[in-house]
Amino acid sequence: MADPRDPDCLFCKIVDGAVPATVVRETERTLAFRDIHPQAPTHVLVVPKAHYPNAATLAAADPEVAAALLTEAAEVAVDERIAESGYRLIFNTGQGAGQTVFHAHVHVLGGEPFTEGLV
Ligand code: 5GP
Ligand code: ZN
């Protein structure tokens with residue numbers, strides 16, 4: 001079991017309430033809050049409350065919570081009314097892929113048409 005919190009981690013501080021965030025959903029083991037620099041009309045981050053550096057380490061250590069991130073992302077999409085128009089889930093993993101906060105999180109992006117993509 002990983003350390004539930006890393007005292008130097010921004011998202012651990014958000015989970016603890018030490019750093020404010022606009023929370024949109026919460027479960028026993030996950031938290032969803034709005035990204036501070038939204039890249040789309042809806043841009044929400046879903047994180048495990050326990051600290052894991054990225055999605056891969058989370059999935060290896062706790063597959064149930066890894067799956068819960070996807071379930072919660074889908075619920076966010078329904079709540080934000082983007083489930084039908086479509087949305088994108090992104091897990092940046094590693095600095096080279098643009099990860100800047102090393103606490104596992106999935107970006108939920110939607111509310112505008114995606115005309116292009118990397119894949
Ligand atoms: P990454 O680049 O690691 O995949 O995503 C980190 C995300 O966290 C970025 O989209 C960034 O805008 C967001 N972020 C950084 N600092 C804060 C903060 O203090 N509060 C919130 N709500 N989001 C943040
Ligand atoms: Zn953390």
Side-chain angles (χ1 to χ4, degrees):
M1 170 100 182
D3 272 350
R5 301 284 191 274
D6 174 339
D8 298 323
C9 169
L10 174 63
F11 288 176
C12 283
K13 290 178 188 165
I14 287 177
V15 167
D16 281 340
V19 168
T22 305
V23 171
V24 297
R25 286 186 67 83
E26 182 168 12
T27 68
E28 197 185 328
R29 297 198 284 173
T30 67
L31 191 71
F33 54 90
R34 296 199 190 281
D35 196 291
I36 203 164
H37 293 127
Q39 304 296 317
T42 291
H43 188 172
V44 170
L45 303 171
V46 187
V47 309
K49 288 185 173 175
H51 180 88
Y52 297 94
N54 57 45
T57 50
L58 166 64
D62 197 336
E64 261 185 46
V65 173
L69 287 197
L70 298 183
T71 311
E72 281 304 298
E75 294 292 342
V76 166
V78 171
D79 293 350
E80 298 284 318
R81 302 178 188 279
I82 55 171
E84 286 192 11
S85 54
Y87 58 96
R88 190 168 285 176
L89 302 182
I90 296 177
F91 290 91
N92 291 325
T93 304
Q95 222 163 13
Q99 188 178 1
T100 57
V101 178
F102 292 86
H103 178 126
H105 55 279
V106 59
H107 297 255
V108 184
L109 293 152
E112 67 189 11
F114 292 103
T115 51
E116 55 185 58
L118 291 172
V119 292

Residues 70-78 side chain polar contacts: donor-acceptor under 3.5 Å, at least two apart:
residue : atom : partner : partner atom : Å
Thr71   : OG1  : Ala67   : O            : 3.2
Glu72   : OE1  : Arg25   : NE           : 2.7

Name every donor-acceptor pair, under 3.5 Å, that has one atom in a side chain of residues 97-119 and the other anywhere in the protein, sequence neighbours excluded.
residue : atom : partner : partner atom : Å
Gln99   : OE1  : Gly94   : N            : 2.8
Gln99   : NE2  : Pro53   : O            : 2.9
Gln99   : NE2  : Val101  : O            : 3.0
His103  : ND1  : His51   : ND1          : 3.4
His103  : NE2  : Pro48   : O            : 2.8
His105  : ND1  : His103  : O            : 2.7
His107  : ND1  : His43   : NE2          : 2.8

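Applying the salt bridge (Lys or Arg N to Asp or Glu O under 4.0 Å) test to pairs two or more places apart or on separate chains, those with a residue in residues 43-55 are Glu26-Lys49. Among pairs with a residue in residues 83-92, none fulfils salt bridge (Lys or Arg N to Asp or Glu O under 4.0 Å), at least two apart in sequence or across chains.
With sequence neighbours excluded, the residues forming a side chain to side chain donor-acceptor pair (under 3.5 Å) with Arg29 are Glu64, listed by chain and number. With sequence neighbours excluded, no residue forms a side chain to side chain donor-acceptor pair (under 3.5 Å) with Gln39. Under the rule for a side chain to side chain donor-acceptor pair (under 3.5 Å), Thr93 has no partner lying at least two apart in sequence or in another chain. Considering only residues two or more places apart in sequence or on other chains, Asp16 meets the side chain to side chain donor-acceptor pair (under 3.5 Å) condition with Arg5.
To the nearest 0.5 angstrom, Asp62 atom CG is 6.5 Å from Leu58 atom CG. From Cys12, atom SG reaches atom CG of Leu31 across 11.0 Å, with rounding to the nearest 0.5 Å.
With contacts defined as side-chain heavy-atom distances shorter than 4.5 Å, the pair Val47/Phe33 qualifies. Here the side chains of Val24 and Asp79 are not in contact, with every heavy-atom distance at 4.5 Å or above.
Linking Ile, Leu, Val, Met, Phe, Trp and Tyr residues whenever their side-chain heavy atoms come within less than 4.5 Å leaves Val65 and Ile14 in two separate clusters. Each of Ile82 and Ile90 belongs to its own hydrophobic cluster when Ile, Leu, Val, Met, Phe, Trp and Tyr are linked at side-chain heavy-atom distances under 4.5 angstrom. Two different hydrophobic clusters hold Val23 and Val46 under the rule that ILVMFWY side chains link at heavy-atom gaps under 4.5 Å. Using a 4.5 Å cut-off between side-chain heavy atoms of Ile, Leu, Val, Met, Phe, Trp and Tyr, with links allowed through other members, Tyr52 and Leu69 fall into the same hydrophobic cluster.
Considering every non-hydrogen atom in both Asp6 and Asp8, the closest pair reads OD1-N, 2.8 Å.
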